[in-house]
Amino acid sequence: MTVITRFAPSPTGFLHIGGARTALFNWLFARHHAGKFYLRIEDTDRKRSTKQAIKAITDGLQWLGLSWDGDEIFQSENQERHVKIAKILLDQDLAYPCYCSPNELAEMREQARAKGLQPRYDGRWRDRDPAEAPPGVKPSIRFKAPKDGATVIHDSVQGCVEVDNQQLDDMIILRADGTPTYMLSVVVDDHDMGVTNVIRGDDHLTNAFRQTQLYRALGWDEPTFAHVPLIHGSDGTKMSKRHGSLAINAYQEMGFLPSALRNYLLRLGWSHGDEEIIDTDKAIEWFDLQDVGRAPSRFDYNKLESLNGHYLRELKDDQAVDLIEPDLSDRLRHKLTEEQQNRLHAGIAGLKPRAKTLVQLAENSFFYIAPRPINIESKAAKFLDDNAKAYLLELANELQDVTDWNKENIENLIREFANSRTLKLGLVAQPLRASLTGMTVSPSIFEVMVALGRFETLARLRDL
RNA sequence: GUCCCCAUCGUCUAGUGGCCCAGGACAUCGGCCUCUCACGCCGAAAACGGGGGUUCGAGUCCCCCUGGGGACGCCA
């Protein structure tokens, strides 16, 4: 049997970090088993679903590199089918109309809570003659859930979990306006799509029991469930839009790489021995639901950053330049000239290990393309007193005559220059760095000079 | 409140009864490298929530407590 998974977000907001991990796990599981991974947009709540949210979700998945099979599926398009199934349940006396008003229900819940019971529907219309229905009230349709015994699920992550059927009330499957509810729609769609493994957040665990009852009532095979623990914010509670969880594109804007985010998310709740750096091929090869932990985890920005630094260093020089070029030309407010691109390509290798994010990489490389005279940070300016400026000018004159402008020659000349004046190398290098980069921190100053080229180097020195 | 789930360094985790006076990674703190800062390398500090069992032996199994989380919608 081919494995079929699905990611089923509701388009009421952006794709956040928890959703992204759920999608990743579904994707990984399907790819590992050479199965299918579908995207189903759960847009049955038309009031809250938006086009922007759908786009944010698909863009986010694409950016993360999680490609789904076939076209995305819109749950709202299957409504007729959902209603049809509800009718079948009704015909088979597995569902019934309920004429309770929302107020009545609220009261019921309140009373149950007061008595220390789980707030739930008491089933008052379950066996009542519909002839007693109050006039003019459209009923909702409720599923006739088993009253005795217990429902057990064998969850790939949570193991064997059992709940007393008394805890589960008769859920609404069709609203008073005739539209299907989530609980019905998921079951029907998952069945119709042939979903074999439902991998989703832990917050759905209790739903799994109700859904299981529905599968059984319908005589359908149940999928295997896998409820993955949630990702918590730094305070240890569920992440939400107002609480620590950012849209996936926020991570993109902060300069994170999809590869880093995938690796990070994978290791949050899943492990493979002591492995930390896991590329996507390895992830597909190793991923298994058995290795997903049962405890919730907290989001750790530092670790993400560290991983990002790793993947940044692994980038080919050309790729790295391509990735920061849009940012750079924004700062410049024009496209990069060929000369600027050349300097970047020459300097990028020295820049990569010094950045954790693309944003930092762009920031740190700006000095290469900055128009003269370059801006000198105040901390850097402190290195440029009159004394320093004087010997920097002398140095410029010596540099002018270097026959072959390469790192070795430049370094030799500068070391010799410092030696002859009994200056420590740092006393020359720091002012040099300040005048050439405008900063106190940069890659090796000799590399910088090579990347800048002789003309620009001398010009910057003489700008002082 | 009721039900369900969870519990190893600050964080993510390894650990499936003896290999663990608990290993890795991030972060932290030292050191090396060194023209600055990173990278890299070396090293340090840092955890099995508590109490009962079971067993020759428990981080690993059972029970209780405590703590945390999630679910209890005509939302998904």
Side-chain angles (χ1 to χ4, degrees), chain A residues 8-12 42-45 47-49 75 98 100-102 105-106 109 112-121 138-142 155 157-159 161-164 166-169 171-177 179 181-183 185-186 201-207 209 227 229-230 232 234 236-238 264 267-277 293-307 309-310 313 350-356 364 380 383 411 414-415 418 424-430 432-434 437 439-446 448:
Chain A
S10 62
T12 53
E42 310 241 314
D43 57 347
T44 49
D45 186 347
K47 273 172 262 160
R48 296 201 301 154
S49 300
Q75 187 159 66
C98 168
C100 282
S101 68
L105 259 16
R109 275 192 282 273
R113 209 180 278 268
K115 272 192 256 173
L117 298 171
Q118 179 156 20
R120 64 196 215 279
Y121 177 64
K138 288 229 164 114
S140 57
I141 304 300
R142 286 184 184 268
D155 192 286
V157 172
Q158 304 293 336
V161 192
E162 176 177 336
V163 156
D164 241 356
Q166 287 178 357
Q167 292 296 324
L168 275 13
D169 63 1
M171 64 189 158
I172 290 179
I173 53 176
L174 236 41
R175 300 186 185 96
D177 67 2
T179 58
T181 60
Y182 161 79
M183 215 59 83
S185 299
V186 244
D202 216 354
D203 49 345
H204 281 284
L205 184 61
T206 50
N207 292 336
F209 295 98
H227 290 92
L230 303 176
H232 286 166
S234 46
T237 62
K238 185 179 178 179
Y264 177 69
R267 282 289 288 105
L268 213 50
W270 176 90
S271 61
H272 186 81
D274 283 341
E275 301 288 342
E276 296 287 349
I277 304 290
R294 279 126 306 186
S297 48
R298 298 187 188 204
F299 189 83
D300 182 5
Y301 189 86
N302 278 327
K303 192 146 183 180
L304 206 212
E305 236 188 14
S306 149
L307 240 16
H310 168 84
R313 271 171 258 137
L351 258 4
K352 282 189 302 186
R354 275 165 249 258
K356 295 258 190 269
N364 297 346
F383 286 101
E411 182 164 350
I414 291 173
R415 284 185 187 277
K424 283 191 163 180
L425 183 58
L427 288 177
V428 179
Q430 276 307 78
L432 204 46
R433 186 179 331 273
T437 69
M439 304 181 292
T440 55
V441 169
S442 85
S444 154
I445 197 59
F446 311 118
V448 167

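Order of the sequence lines fixes the chain letters, A, B, ..., with proteins taken first and strands second; residue numbering starts at 1 for each chain. Just the heavy atoms: all of them, side chains too, but no hydrogens, waters or symmetry mates, feed the values below. Fair warning: this is a prediction, and the values are worked out from it, not measured in the lab.
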Notebook entry, point to check: What string of B, S and - do you get for nucleotides 27-34 of chain B 5' to 3' if you count protein non-hydrogen atoms under 4.0 Å?
Noted result: S-------

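Comparing A:Thr440 and A:Leu304, the nucleotide of RNA chain B nearest to each residue sits closer to the 5' end for A:Leu304. Comparing A:Gln158 and A:Arg120 by the nucleotide of RNA chain B that holds the closest heavy atom to each, the one mapping nearer the 5' end is A:Gln158.
Remark: ring of A:His204 overlaps the six-membered base ring of B:A76 in a stacked fashion, centroids less than 5.5 Å apart, planes less than 30° apart.
Checked by distance alone, A:Ser444 brings a side-chain donor or acceptor within 3.5 Å of a matching partner on the base of B:C35. Interface remark: the A:Arg294 side chain does not form any donor-acceptor pair with the B:C5 base, using a distance-only criterion of under 3.5 Å.
Within 4.0 Å (heavy atoms only), A:Glu162 reaches sugar-phosphate atoms of the nucleic acid but no base atom. Residue-level contact check: A:Gly269 touches the backbone only, with heavy atoms under 4.0 Å from sugar-phosphate atoms and none from bases. A:Thr179 comes within contact range of no nucleotide atom at all, as no heavy-atom separation falls under 4.0 Å. Backbone-only engagement by A:Leu205 is indicated by non-hydrogen atom pairs under 4.0 Å involving sugar-phosphate atoms exclusively. Residue-level contact check: A:Phe446 touches the bases, meaning some heavy atom is under 4.0 Å from a base atom.
In this entry B:C20 has no Watson-Crick or G-U wobble partner, no candidate having both defining distances under 3.5 Å. Under the Watson-Crick or G-U wobble criterion, with both distances below 3.5 Å, B:G10 is paired with B:C26. Here B:U55 sits opposite no nucleotide as a Watson-Crick or G-U wobble pair (both hydrogen-bonding atom distances under 3.5 Å). Searching all strands for a Watson-Crick or G-U wobble partner of B:C3 with both distances below 3.5 Å returns B:G70. For B:C41, the paired nucleotide is B:G31, the pair qualifying as Watson-Crick or G-U wobble because both relevant distances are below 3.5 Å.
The distance from atom NZ of A:Lys352 to atom P of B:C39 is 15 Å, rounded to the nearest whole Å. Distance CG (A:Leu168) to C1' (B:A71): 11 Å, rounded to an integer number of Å.
Summarising the geometry, atom CZ belonging to A:Arg294 is positioned 11.0 Å from atom CG belonging to A:Asp155; distances are rounded to the nearest 0.5 Å. Between A:Ser442 atom OG and A:Arg354 atom CZ the span is 7.0 Å, to the nearest 0.5 Å. Separation of atoms CG (A:Asp164) and CD (A:Glu162) is listed at 7.0 Å; rounding is to 0.5 Å.
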Show me the protein contacts with nucleotides 59-69 of chain B, counting only N or O atoms at under 3.5 Å.
{"unit_1": "B:G69", "atom_1": "O2'", "unit_2": "A:His232", "atom_2": "NE2", "d": "3.2"}

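Considering only side-chain N and O atoms, A:Ser271 lies under 4.0 angstrom from the phosphate OP1 or OP2 of B:A14. Contact annotation: A:Arg109 side-chain N/O to B:G73 OP1/OP2 distance is under 4.0 Å. Side-chain N/O atoms of A:Thr44 include one lying less than 4.0 angstrom from OP1 or OP2 on B:A76.
The side-chain tip of A:Arg142 points at the ring of A:Tyr121 from less than 6.0 angstrom away and within 45° of straight on.
A:Tyr264 has its ring centre no less than 6.0 Å from the ring centre of A:Tyr301.
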